[in-house]
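Notes to accompany the following structure.
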Amino acid sequence: MPVSTRSHTKNAPIPQQQPHQCLKEKLKALTLLYEQQNLKNRSFNPPKQEDNVVAKKKKKLSLVDENRIMVFVRVRPIAKKEAGSRCCVRIVNHCEVYLTEFAAQDDYLRLKRVRGRHFTFDACFSDSATQQEVYSTSTSELVESVLQGKNGTVFCYGATGAGKTYTMLGTVESPGVMVLAIKDLFSKIRTRSCDGNHVVHLSYLEVYNETVRDLISPGRPLVLREDKQGIVAAGLTQYRAYSTDEVMALLQQGNRNRTTEPTRANETSSRSHAVLQVMVEYRVRDAAMNIVHRVGKLSLIDLAGSERALATDQRTLRSLEGANINRSLLALSSCINALVEGKKHIPYRNSKLTQLLKDSLGGTCNTVMIANISPSNLSFGETQNTLHWADRAKEIRKKASDANEDLLPVPETEIDQVKLVLELQKENRELRMQLARKQQQLLKLQAQSLAAYSSPTPPSGSSFLSTPPTSVQPNEKRRTRPSFLTATYLTPETKNKGDEITFTVRTLYQKVKTLESEIEKMKKDHSLQIKQKDNIIRDLSQKSGKKVAAAGEVGNRVVTRSSIRPKDENIGELKSPSHRFQSPLPKVKKRSFWDITAANSPSVAALNGRKTRSHVISEPTAHPSMLLQPGFARQKGNIWK
Ligand SMILES: Nc1ncnc2c1ncn2[C@@H]1O[C@H](COP(=O)(O)OP(=O)(O)OP(=O)(O)O)[C@@H](O)[C@H]1O
């Protein structure tokens, strides 16, 4: 590690840059040496064509190194409360970061002392890197491999407030890795939906104070178990998801249930580790009709922040949370150490977090670690710690990942079904073609008939239709048009059919005529009855005198039969077809329907004649629904008494 002391800096012309220059020169010399060696080796053993192909393939597979964890670093922008502090992190190039250790402000003797260390990762993101940039560099390939039946894990590691949740979840305006990965997954599934069936299941859990909880439907703590698929939380709800929006809604719901608390270091500090798991099942038939079944699992993990006790609150619950978070992260570091050192026993069981990460760290899973750091020298200790563990994690060698693929032979009965389906599909195709041909023929016929109908001299065979009755004219015209044309213009085979139709039309025409005469007769009867009634009314009004006489303007007013109906009980005999609409007696004040239905009720007086719908319903005399029908009370005859 380059260390520059005061004595050292005295002689140097540019004190702060010299150690780097020395390093650079050494690096250049080493690179030159390495290249010379490489050249020698190549000239000795010219590369085989096969090797070239493999190398090309590996290049195509790109960043994701199958045998180790991919490690990325992201620096967040300086926070408001860190304003005025010095920046101790510098992104040297796209995969190198330099951490500077400044001397303490009050250490006057070493004020100008500067120490630093270079760290190299798969990629480094500066504070201006976008969420999309982070996603496409670190995770998009993982999503692709999950669709091919492999397992993948992305987790963020870093101190509290370093930007883990921002990277994983993000905000509404700039969504993070979880959201972008799910969007990408569904869009990829949509483009591939034609070549197989994809089923997506989803679960979201948190590890809080060493207990595992379901975030989507919270309930009792869950127990972790190990089975063929790896570590599973027994009883964890698996949701079948059909669209990105649905997943987003579930994610939001889960985040609302997640334990977050304001601490001194971060206002919305995540006090738990959150694990979102997306299982993608894929089924397709190969050429031999076998079912190929692939299952890929993507785990997206937002870890709680590693922290010093002093950095957060000292309250009991907070300190207990902090202790548990630190414990699980310590367990994580011991696992990383054991894996790097190639030990046989890896202490996964030391915490729930490491149990959950067992597949991702030591299994056949493609794993991505994003180390989040703050640029401020106020968080130097945490940043150094994070970079140290990220650097260690880089060295973890893991087993090559295979696709979780099964070949399921198809049972005999299913083969029969498949054959049947294929036959039916063929038949269906043929029938469709036949239908299309028939439709074409029909169109031709229609065109011919239209042409014939518009011709100026219709043939004599259609004479009976030339003067159809006015009331049925449009319909008849429409109905008879094809028959008329069929009879005259179509081939001799269809002529018989045409005659049949002509006969039917004739009978229909006769029926219409009889119906019309009946209607005429009924109309006459009706008007006669009305005349009789009017006469009776006139007589009665003359007799009853004053009111009707006083209303000499009766002639000017609109007088309805109902408004001057006689008292006579015999009125019932004067039933007109509209007898149902008889009105109250002329002396009685004209009442509305509600008055009428209330007339019999004892409580009408109390209600001042006003009646509510509920009141009507409570009437015991008749069924409420009937009471609500206008005319019912009148049929009962109550108001006439
Ligand atoms: N790359 C970034 N760009 C802009 N703002 C960021 C970025 N990273 C983090 N922040 C902001 O910094 C603050 C702390 O970030 P965040 O909550 O993600 O930290 P954390 O590591 O998840 O903390 P904890 O472990 O306590 O939950 C938030 O207000 C967040 O919006």
Side-chain angles (χ1 to χ4, degrees), residues 72-83 85 87 89 91 97 123-139 154-180 206-209 215 251 254-276 300-313 315 317-330 332 353 369-376 378-379 381-387 389-390:
F72 301 89
V73 166
R74 187 179 195 185
V75 186
R76 74 153 162 75
I78 218 141
K80 267 186 195 164
K81 58 185 170 198
E82 295 166 338
S85 64
C87 176
V89 180
I91 305 286
V97 61
C124 297
F125 304 106
S126 69
D127 57 356
S128 59
T130 61
Q131 299 276 59
Q132 187 61 49
E133 230 174 292
V134 174
Y135 168 74
S136 39
T137 314
S138 63
T139 317
V154 185
F155 71 93
C156 277
Y157 179 87
T160 183
K164 297 180 296 297
T165 310
Y166 182 84
T167 302
M168 283 317 273
L169 270 172
T171 56
V172 180
E173 301 84 48
S174 50
V177 169
M178 275 185 187
V179 179
L180 295 174
E206 73 168 352
V207 182
Y208 174 69
N209 274 349
L215 278 176
L251 207 61
N255 288 330
R256 277 196 291 273
N257 295 329
R258 196 175 166 195
T259 318
T260 55
E261 281 291 336
T263 62
R264 278 179 207 154
N266 184 7
E267 268 177 28
T268 50
S269 178
S270 318
R271 310 308 292 158
S272 65
H273 311 296
V275 184
L276 173 75
L300 300 154
I301 305 171
D302 176 23
L303 293 184
S306 57
E307 62 202 48
R308 285 172 297 156
L310 275 174
T312 51
D313 291 5
R315 283 171 290 164
L317 185 62
R318 293 291 86 76
S319 52
L320 177 74
E321 282 170 359
N324 273 317
I325 293 167
N326 285 343
R327 190 175 131 195
S328 52
L329 292 171
L330 187 73
L332 178 63
L353 174 69
M369 171 181 182
I370 303 175
N372 288 91
I373 52 173
S374 151
S376 164
L378 299 176
S379 315
E382 288 90 339
T383 305
Q384 193 182 33
N385 195 33
T386 306
L387 289 176
W389 285 112

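We're numbering straight along the sequence, starting at 1. All values derive from a computational prediction rather than experimental measurement. First listed ligand is number 1; within each ligand, the first listed atom is number 1. When reading the values below, keep in mind they use all heavy atoms of this one structure, side chains included, and skip hydrogens, waters and symmetry mates.
- Checking only distances, Ala162 does come within under 3.5 Å of ligand 1, N or O to N or O.
- Not one N or O of Arg76 is nearer than 3.5 Å to an N or O of ligand 1, by distance alone.
- Heavy-atom proximity to Thr160, at under 4.0 Å, picks out these atoms of ligand 1: 23 (O), 24 (P), 25 (O), 26 (O).
- Put simply, the side chain of Lys164 gets close to the backbone of Ala159: a donor and an acceptor are under 3.5 Å apart.
- Below 4.0 Å from some heavy atom of Arg74 lie the following atoms of ligand 1, by number and element: 1 (N).
- Ligand 1 has no N or O atom lying under 3.5 Å from any N or O atom of Pro77, backbone or side chain.
- Of the heavy atoms in Cys156, none comes closer than 4.0 Å to ligand 1.
- Taking every heavy atom of both residues into account, Val177 and Tyr135 meet most closely at O-CD1, 4.1 Å.
- When the side chain to side chain contact (heavy atoms under 4.5 Å, CB included) test is applied to Ser85, the partners found at least two apart in sequence or on another chain are Ile78, Glu82, Ser376, Asn377, Leu378.
- Counting only N and O atoms by type, the side chains of Thr383 and Thr386 include no donor and acceptor under 3.5 Å apart.
- For ligand 1, the atoms sitting less than 4.0 Å from at least one non-hydrogen atom of Ala159 are 21 (O), numbered in the order shown with element in parentheses.
- At under 3.5 Å, a nitrogen or oxygen of Thr165, whether backbone or side chain, sits near a nitrogen or oxygen of ligand 1.
- Of the possible polar contacts, none joining the Asn385 side chain to the Gly381 backbone as a donor-acceptor pair under 3.5 Å is found.
- Between Leu303 and ligand 1, no pair of N/O atoms sits closer than 3.5 Å.
- Looking at residues two or more places apart in sequence or on another chain, you find a side chain to side chain contact (heavy atoms under 4.5 Å, CB included) between Glu133 and Ala129, Thr130.
- Panel note: side chain Gln131, backbone Ser174; a donor-acceptor pair is recorded below 3.5 Å.
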